[in-house]
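These notes are about the structure you will find just below.
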Amino acid sequence: MTDDPILALHGVHKSFGPVEVLSGIDIVLRSGEVLALIGENGAGKSTTMKILAGYQPATKGRILLDGQEVRFGSLHEGEAAGIVLIHQEFNLAEQLTVEQNIFLGRELRRGLLLDKKRMRDLTRQYLARLNCRVDPDTPVSQLSNSDKQMVEIAKALSRNARVLIMDEPTAVLTGSEVEVLFEQVRALRAAGTAILFTSHKLGEVANIADRVTIMRDGAVVRTDIVAAMTEDDMATAMVGRDVSALYPAKPGVLKGGSVALQVQGLTVPGHAQDIGFTLRHGEILGIAGLIGSGRTEAMEGLCGLRPATMTALKIEGQPVTIRSTADALDHGLCYMTEDRKLRGLLLDKGMRVNLTLQALARFGRILIDRKAEDAALVQAVKEFDIRAGSADVLVGNLSGGNQQKLLLAKIMQSEPRILIVDEPTRGIDIGTKQQIYTFLRALAAAGKSIVVVSSEMQEIIGMSDRVLVMRQGGIAGTLEGDHITEDAIVRHAMGVGADTDERAA
């Protein structure tokens, strides 16, 4: 690491119309160093990164590259200067192949013809560095989210960046994939690359970063070496309040609770087979397992989102049949998708349209009662603490955390008795996580029944009264009470057994 900065912001402001989103930002990126940029959703991190990379101009302030003031007119000018941004949201052409995406706009040629062999060979090399076994000829549309993220990272590696900006690169990666990525980050740091890394997972920040800059409400509130801060210090600086008690207290064992949902023999072809479980009133049931274990597919099949068969399905003790999401909603069963941007929300529409879309019948059979919709939005904004500059803002312009809170508010418009939430806090900050956890526990305390599907081990442990662990499309074990431990969950998920296996009825 050198003391001379490669890239720096000094006194940078950014306004969108009358709304100022950045106020006097100072950030320094040095060769051979990883700087973590953290803060709540809406703190201004993404806007800061886009200014650094040339995606957006600053309203006021200076951008310095190698000590000289620069003004990037576009992302292409930023990349030409050696600054590469890996987006939080995939920036891939879905219908093109992996190879075509990696070299899109800068294809290699042999004379007048494309040098397809060399591009394919290089693509394999970049992917091999990431232990990613995707075929270069595979269309991106056929990849899993984690493989898409690896392609994004491979694309960045191919550009030999002097400055690499990584916006939530681990949000959809497994633990082993994260470690592979971190090996590449360490190698790039050793080679002199300046790296800006953002993550809502503070353990990752402590693991990979040398320094950390913390933002809140569009301003930098602290910059320090990582070794000088605990994770609690970081979280408190981010949100301006103590978040050490991240998970609400559990009510204790609920064995005496009445059964709200009983599932037997749930099979989703190609994904899950013979799944059976019960869910009690007031209970939060966690579903854990490795990516590919069938967690999401099983719950989508249960809610009518995928073709599925069941030996028996009872809600409130009554046999029911669910063939569609409309059937599920009619029986008070709602599913909140893990993918808020592609499947949960209409990003090019406003908050009101998104909020009421799933429950339009409540707002009029023929003509929609706009006043009732507006009133519902006012109530949702207050109840879920959705922070937006205007009620008319397009949902795509909201921060990830506020999008997630709007999605939860949308689901609750259907007044579910049984709620299945898939990855409820993926890609959101610790303060918003605490809000969502508190809301879910309050729903359970009010007698609702909750299923939480999550890849985050601590989320499963902290929120669940009981845990089903899935492996290869089946239930590998059921845990509750003091038996809900990381060791037990991992053992079941890996198929190596566990010391305890408390089977639930």
Side-chain angles (χ1 to χ4, degrees), residues 16-17 19 21 41-42 46-47 50 55 87-95 140-141 145 148 167-168 171-172 296 299-300 303-306 324-330 333-416 419-428 432 435-436 439 453:
F16 294 100
V19 180
V21 297
N41 289 107
S46 291
T47 302
K50 288 176 181 177
Y55 280 66
H87 295 264
Q88 179 179 2
E89 309 305 331
F90 299 131
N91 191 30
L92 300 170
E94 290 275 320
Q95 301 310 312
V140 165
S141 60
N145 282 342
K148 288 179 182 178
D167 190 358
E168 292 287 345
V172 297
T296 291
M299 293 303 101
E300 288 180 343
C303 295
L305 286 162
R306 288 176 179 268
S324 67
T325 54
D327 290 341
L329 290 173
D330 286 343
L333 173 61
C334 282
Y335 173 79
M336 190 175 89
T337 178
E338 64 178 332
D339 193 340
R340 60 179 174 262
K341 290 185 178 291
L342 288 181
R343 301 176 61 188
L345 298 169
L346 302 174
L347 301 185
D348 60 346
K349 303 294 182 183
M351 292 195 295
R352 175 179 54 79
V353 171
N354 276 276
L355 178 70
T356 63
L357 185 61
Q358 187 167 286
L360 274 180
R362 290 183 54 201
F363 301 92
R365 293 290 181 180
I366 299 176
L367 298 177
I368 302 300
D369 186 341
R370 298 300 188 201
K371 288 185 178 179
E373 282 191 311
D374 289 338
L377 179 58
V378 170
Q379 178 62 28
V381 167
K382 179 180 179 181
E383 182 178 354
F384 291 87
D385 189 28
I386 301 169
R387 302 176 187 180
S390 165
D392 298 323
V393 66
L394 296 181
V395 169
N397 292 330
L398 293 175
S399 69
N402 285 307
Q403 288 178 356
Q404 192 73 351
K405 288 189 282 188
L406 177 63
L407 178 58
L408 185 53
K410 168 191 170 182
I411 295 299
M412 294 310 299
Q413 288 295 309
S414 298
E415 299 180 338
L419 177 62
I420 299 174
V421 290
D422 198 343
E423 303 289 0
T425 64
R426 173 177 285 169
I428 65 176
T432 306
Q435 290 179 307
I436 289 178
F439 182 78
V453 181

From Glu338 atom CD to Thr296 atom OG1, the distance as rounded to the nearest 0.5 Å: 4.0 Å

Step-by-step side chain to side chain contact (heavy atoms under 4.5 Å, CB included) determination, Gln403 to Val395: CA-CA 7 Å; Gln403 288 178 356; Val395 169; 4.2 Å; yes

Gap separating the CZ atom of Arg362 from the CD atom of Glu373, nearest 0.5 angstrom: 10.5 Å

For Leu394 against Leu347, the heavy-atom pair lying closest together: CB-O, 4.0 Å

Nearest non-hydrogen partners of Ala376 and Gln413, listed with the distance: CB-OE1, 4.1 Å

Minimal non-hydrogen separation, Gly401 against Ile428, with atom names: CA-CG2, 3.6 Å

N/O donor-acceptor pair under 3.5 Å between Asn354 side chain and Gly350 backbone: yes

Distance (rounded to the nearest 0.5 Å) between Arg343 CZ and Leu305 CG: 6.0 Å

Over all atoms of both residues, closest heavy-atom pair of Ala380 and Ile386: O-CD1, 3.9 Å

Side-chain (Gln95) to main-chain (Ser141) donor-acceptor, under 3.5 angstrom: no

Gln404 vs Met336 side-chain heavy atoms within contact, under 4.5 Å: yes

From CD1 (Ile436) to CZ (Phe384), nearest 0.5 Å: 9.5 Å

Donor-acceptor pair, side chain of Lys410 and main chain of Gln358, under 3.5 angstrom: no

For the student: nearest non-hydrogen atoms of Ile411 and Cys334, plus distance: CG2-CB, 3.8 Å

4.5 Å side-chain heavy-atom contact, Thr356 and Ile368: no

Heavy-atom closest pair, residues Asp385 and Lys405: O-NZ, 2.6 Å

Asn397 side, atom CG; Phe16 side, atom CZ - distance, nearest 0.5 Å: 8.0 Å

Chi angles and distances behind the side chain to side chain contact (heavy atoms under 4.5 Å, CB included) call for Tyr335, Leu333: CA-CA 7 Å; Tyr335 173 79; Leu333 173 61; over 6 Å; no

Chi angles and distances behind the side chain to side chain contact (heavy atoms under 4.5 Å, CB included) call for Thr425, Thr432: CA-CA 8 Å; Thr425 64; Thr432 306; over 6 Å; no

Stepwise side chain to side chain contact (heavy atoms under 4.5 Å, CB included) test for Met351 and Leu398: CA-CA 10 Å; Met351 292 195 295; Leu398 293 175; 4.0 Å; yes

Any donor-acceptor N/O pair, Ser414 side chain to Pro416 backbone, under 3.5 Å: no

From CD1 (Ile420) to OG1 (Thr337), nearest 0.5 Å: 12.0 Å

Flag, side chain of Arg340 to backbone of Arg426, donor-acceptor distance under 3.5 Å: yes

